[in-house]
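No hydrogens, no waters, no symmetry mates; every other heavy atom, side chains included, goes into these values.
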Amino acid sequence: MTEIHRHTFLISGSRRENDAEHSWHIAVMAMLSAEYAAEPVDVGRAVQMCLIHDLIEIRAGDTFAYDPEGIRAQAEREKKAADLVFAQLPEDQGKMTRRLWEEFDAMQTADAKYAACMDRLQPFLNSILPHGSSWEPGKVHRKDVERRNRIIQELRPEVYDWNMKNLDRAVEAGWLEP
């Protein structure tokens, strides 16, 4: 199995992170910041979603959040990959992990929204802290980052305010298009 590297760099800026690092980071973030969530969440379920949400990228590959072409084909690629990946598990585990993956993707429950919030916050940190290294100059627009991070506004409004200030800084520095 090859490592799946994401578009997002580590905070150090030294290299791109892999899916395992990303999932581990957001799971730890979910565990440590649950007390600050705007609504009650089952932290254990949210952490499970964080750990398996990108599991299907083993087959489908990573889709950069701001790549319109990749996003258009993402759902179909990921469904095919999910069918293969989850079928490799014992039936009960395959069904359980697929339900968690689908719940995460739908972002309808409090647990899934919270896990998705962590999934949006971590790459934002990995983009802003190393001076926009994950955003391709001229290709990523502020409005797209705002749209993707809207779930943070709902579940962690105080963090969203910090995000907005940093988006201003990112535009001023030329890391993001206005």
Side-chain angles (χ1 to χ4, degrees), residues 1-8 16-34 36-127 134-135 140 143-157 159-160 163:
M1 177 187 333
T2 60
E3 280 188 18
I4 304 300
H5 285 93
R6 296 170 49 81
H7 194 83
T8 310
R16 295 190 188 278
E17 72 175 345
N18 64 48
D19 270 352
E21 291 166 324
H22 167 69
S23 294
W24 181 82
H25 284 131
I26 68 170
V28 170
M29 287 172 60
M31 186 178 73
L32 296 177
S33 61
Y36 304 106
E39 58 185 282
V41 295
D42 179 334
V43 178
R45 287 189 81 251
V47 167
Q48 287 177 325
M49 287 180 209
C50 290
L51 290 171
I52 63 99
H53 81 288
D54 279 335
L55 189 61
I56 50 95
E57 288 186 3
I58 292 167
R59 296 266 188 208
D62 180 53
T63 302
F64 181 46
Y66 306 107
D67 173 14
E69 292 300 315
I71 289 170
R72 271 192 272 287
Q74 182 179 11
E76 183 179 333
R77 271 193 345 269
E78 289 186 354
K79 188 202 176 300
K80 287 178 184 176
D83 292 343
L84 293 169
V85 171
F86 296 129
Q88 293 177 3
L89 296 171
E91 187 176 350
D92 61 332
Q93 291 177 354
K95 287 180 179 179
M96 183 266 303
T97 53
R98 185 170 195 130
R99 278 193 305 269
L100 286 168
W101 175 69
E102 289 173 348
E103 182 179 343
F104 174 90
D105 209 39
M107 288 194 303
Q108 298 297 309
T109 66
D111 299 342
K113 289 178 186 178
Y114 180 70
C117 179
M118 298 299 108
D119 185 49
R120 302 311 193 270
L121 182 57
Q122 187 263 351
F124 183 83
L125 293 170
N126 282 28
S127 296
S134 298
W135 294 316
V140 180
K143 67 178 172 42
D144 297 324
V145 178
E146 283 184 40
R147 185 179 320 116
R148 178 149 178 85
N149 289 291
R150 200 166 288 136
I151 192 81
I152 298 170
Q153 183 179 23
E154 180 180 338
L155 292 167
R156 298 290 309 275
V159 173
Y160 189 77
N163 281 25

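The local environment of CD in Gln88 is crowded, with over 12 non-hydrogen atoms from other residues, nucleotides or ligands closer than 6.0 Å. Atom CD of Glu39 has more than 12 neighbouring heavy atoms from other residues, nucleotides or ligands inside a 6.0 Å radius. Atom NZ of Lys143 sits in a crowded spot, with more than 12 heavy atoms from other residues, nucleotides or ligands closer than 6.0 Å.
The main-chain N or O of Gly94 is found under 3.5 Å from a side-chain atom of Thr97 such that the two form a donor-acceptor pair.
Between Leu55 and Phe86, the shortest heavy-atom contact is CD2-CE2, 4.1 Å. Closest approach of Phe124 to Asn149, counting heavy atoms only: CD1-ND2, 4.0 Å. For the residue pair Ala34 and Val43, the shortest heavy atom distance occurs at CB-CG2, 3.2 Å. Closest approach of Ala46 and Asp111 over heavy atoms only: CB-O, 3.9 Å. Annotation for His7 and Ser134: closest pair CD2-O, 3.0 Å, computed over non-hydrogen atoms. The shortest heavy-atom contact between Tyr160 and Ile152 is N-CG2, 3.9 Å.
Looking at Asp19 and His5, their side chains never come closer than 4.5 Å, going by heavy atoms from C-beta outward. For the pair Ile71/Thr63, a side-chain contact is recorded, criterion being any heavy-atom separation below 4.5 Å from C-beta on. With a 4.5 Å cut-off on side-chain heavy atoms, Arg156 and Met118 count as touching. The closest side-chain heavy-atom distance from Leu121 to Asn163 is below 4.5 Å. The shortest distance between side-chain heavy atoms of Cys117 and Arg120 does not fall below 4.5 Å. Two residues are said to be in side-chain contact when any heavy atoms from C-beta on lie closer than 4.5 Å; Leu125 and Met29 meet this criterion. Side-chain contact check for Met49 versus Asp119: every heavy-atom pair is 4.5 Å or farther apart. Contact of the Asn126 side chain with the Glu17 side chain is registered, since non-hydrogen atoms from C-beta on lie closer than 4.5 Å.
Distance check, rounded to the nearest 0.5 Å: CG of Leu51 to CD1 of Ile26 gives 8.0 Å. Atom OG in Ser33 sits 3.0 Å away from atom OH in Tyr114 (nearest 0.5 Å). Atom CD of Glu21 is separated from atom CD of Gln122 by 9.5 Å, given to the nearest 0.5 angstrom. Rounding to the nearest 0.5 Å gives a distance of 10.0 Å between CG of Asp54 and CD1 of Ile4. A distance of 16.0 Å separates CG of Leu155 from OH of Tyr36, quoted to the nearest 0.5 Å. A distance of 12.5 Å separates CD of Gln74 from CZ of Phe64, quoted to the nearest 0.5 Å.
Ion pair Glu146/Arg150 not flagged as a salt bridge, since none of the NZ, NE, NH1 or NH2 atoms sits closer than 4.0 Å to an Asp/Glu carboxylate oxygen. Between Glu103 and Arg99 there is no salt bridge, since none of the side-chain N atoms of the basic residue sits less than 4.0 Å from a carboxylate O of the acidic one. With respect to the salt-bridge test (charged N to carboxylate O, under 4.0 angstrom), the residues Lys80 and Asp83 do not qualify. Using a 4.0 Å cut-off between charged side-chain N and carboxylate O, Glu102 and Arg98 make a salt bridge.
Counting only residues at least two apart or on different chains, the salt bridge (charged side-chain N to carboxylate O under 4.0 Å, His left out) pairs with a member in residues 56-70 are Arg6-Asp62, Glu69-Arg72.
Applying the side-chain contact (heavy atoms from CB on, under 4.5 Å) test to Ala65 and every residue at least two apart in sequence or in another chain returns Arg148.
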Step-by-step side chain to side chain contact (heavy atoms under 4.5 Å, CB included) determination, Val145 to Trp135: CA-CA 10 Å; Val145 178; Trp135 294 316; 4.1 Å; yes

Full working for side chain to side chain contact (heavy atoms under 4.5 Å, CB included) between Thr8 and Arg16: CA-CA 6 Å; Thr8 310; Arg16 295 190 188 278; over 6 Å; no

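Aromatic ring centres of His22 and His53: separated by under 6.0 Å.
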